[in-house]
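Reading through the structure tokens given below for one structure.
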Amino acid sequence: MNPRTRWLLIVAAAAIALIILVPLFRSQGPSVSGPAGMAGQAAPVFSLHDDRGAVVSLAQYRGKIVVMNLWASWCPPCRAEMPDLQTVAREYAKDGVVVIGVNQGESAARASAFARSLEIAFPIWIDDGQQYGRVYAALGLPTTVVIDRLGAVERGFDGPLTIEQMRSTITQAVRGT
Amino acid sequence: MLLAALVVLGVVIEVVVPGRAIYHAGWYNVALAALAIWAIASLRRVPLVAFGIGAIAFAGIASGLLGPDTRTVIGAPGTSLRVDEAGGTLVFPPLHVDQPIGASRFTATALLRSVPRTVVAIAAFDRRGAHLTITQPTGAAFLSPVLLMQNTQTIAGFTLPYDTFAVPAAHRIVKAVLFSAAQAASMPALSMVRGSVVLFDLEDDTGASIPHGIGVAPEGQLIRLGDLGLRATVMSYPAIEVTSIPDLAVLAAGFLAILIGALLTRRPWRGKIGKL
């Protein structure tokens with residue numbers, strides 16, 4: 001084999017090897033989907049009004065663990081979950097845990113009446129532009145997002161949680177595990 | 001030298017004028033490979049330069065044969081989408097911030113350009129005027145009231161964008177078809193309206209039609225269809241056009257190898273130029 005031919009073979013072999021190998025090193029990360037995909041990211045913050053008209057924001061809860069529940073009055077699983085959220089809000093208040101219900105797309109009057117009918121005492125925010133639902137990639141309602149004391153998303157859940165799941169999740173967040 | 005220059009030119013043009021279909025054509029890449037092999041064989045006495053030419057040719061051929069065709073990534077405001085060609089996640093800004101339409105940015109293997117797209121933001125109200133939740137069970141973002149209008153249908157000879165959404169509290173599924181101002185002006189039934197027009201078609205949540213459930217509303221104006229009030233706001237929102245380009249890191253390595261090779265073997269290189 002003459003040197004020129006050998007060179008051509010080497011070049012061709014190297015080119016083929018590179019064409020095969022390079023795609024293997026390309027990132028093939030999973031698509032971000034659902035609130036669980038937000039874990040570890042800084043929690044997006046928007047200013048909203050609560051059901052009494054006061055301006056509120058997640059930023060005012062920095063230093064606390066926030067359990068943010070996205071809900072709407074037409075959603076039966078949201079209704080079923082609300083009393084359990086009220087229970088854990090009361091149980092974990094002493095640990096610096098705050099439960100916030102963020103209504104998606106409804107009027108303050110409707111949201112407030114719904115919360116009163118279930119004797120909900122935790123804050124109810126009105127997100128009529130559905131900003132939180134969009135940004136936290138909600139796949140449905142209810143959606144629950146746990147935000148740590150530093151303002152990062154710790155966990156996200158699509159669908160209703162049982163009270164045992166709420167307690168387990170919040171206990172882990174309080175312990176910082 | 002001429003062969004090497006042709007190879008470099010054939011690859012660099014994929015970065016300078018990106019997105020042309022010719023770069024993905026088989027004959028273009030075969031020609032590029034043939035030129036590169038010929039150039040490398042001619043430059044075998046200056047291996048670093050030959051390596052550099054090979055690397056540049058490889059980047060171009062890999063992008064041409066393996067890189068995806070130009071595509072447009074459409075996302076709802078506030079959502080994030082993983083785009084492998086971009087090497088990361090694209091975050092679509094909320095509607096209320098200034099939209100970066102026209103901006104462009106290079107990543108290692110792609111050029112990202114934001115291009116304008118027409119989207120429709122919907123607000124729904126009950127009989128008493130209270131705001132209602134909009135959902136998009138089949139859309140890009142379930143809880144977004146912004147319709148991305150990715151589907152099309154033909155009405156009166158016009159190809160029109162449309163999208164569907166649900167108003168769960170009212171048990172309604174709504175189809176919204178967008179007529180541009182020019183399309184509306186050319187239709188006798190809509191010619192009195194100035195600006196874009198949205199046609200709403202309501203069904204109940206079992207898919208049955210609703211009496212008096214079809215209506216057209218000028219953009220920005222409230223229309224009442226049965227128990228439901230609807231208002232559509234037409235706006236421009238960026239989509240991201242992703243164009244694959246030769247890997248910039250490999251190109252940089254190639255150019256560096258050529259530069260170093262030329263400097264280290266100055267005399268032989270000059271001799272080689274003379275022979276070529």
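Here is how names work: the chains are called A, B, and so on, in the same order as the sequence lines, proteins then strands, and each is numbered from 1. Since the structure is predicted, the reported quantities are computational estimates derived from the model, not experimental observations.
- Looking at B:T135 and A:W74, their side chains come closer than 4.5 Å, going by heavy atoms from C-beta outward.
- Taken to the nearest 0.5 Å, the CZ atom of A:R134 stands 13.0 Å off from the CZ atom of B:F92.
- Heavy-atom neighbours of B:F51 CZ from other residues, nucleotides or ligands within 6.0 Å: at or below the threshold of 12.
- For the options A:S73, A:A109, A:G140, heavy-atom pairs under 4.5 Å to chain B are most numerous at A:G140.
- Both the backbone and the side chain of A:A138 come within contact range of chain B, judged by heavy atoms closer than 4.5 Å.
- Both the backbone and the side chain of A:L141 come within less than 4.5 Å of a heavy atom in chain B.
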Worked check of side-chain contact (heavy atoms from CB on, under 4.5 Å) between B:L132 and A:R110: CA-CA 9 Å; B:L132 297 173; A:R110 185 185 284 258; 3.6 Å; yes

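- For the pair B:P77/A:Q131, no side-chain contact is recorded, criterion being any heavy-atom separation below 4.5 Å from C-beta on.
- In this structure, B:F142 CZ and A:L70 CG are separated by 11.0 Å, a value rounded to the nearest 0.5 Å.
- B:T133 OG1 to A:D128 CG: the interatomic distance, rounded to the nearest 0.5 Å, is 10.0 Å.
- With chain B as the partner, the residue from A:S107, A:G129, A:A108 showing the most heavy-atom pairs under 4.5 Å is A:S107.
- Under a cut-off of 6.0 angstrom, the local environment of CZ in B:R127 is sparse, with at most 12 non-hydrogen atoms contributed by other residues, nucleotides or ligands.
- The OG1 atom of B:T89 lies 7.5 Å from the CD atom of A:Q41; values are rounded to the nearest 0.5 Å.
- Distance check, rounded to the nearest 0.5 Å: CG of B:L143 to CG of A:D127 gives 9.0 Å.
- With a 4.5 angstrom heavy-atom cutoff, B:V146 touches chain A only via side-chain atoms.
- Here the CD atom belonging to A:Q130 is positioned 7.5 Å from the NE2 atom belonging to B:H131, to the nearest 0.5 angstrom.
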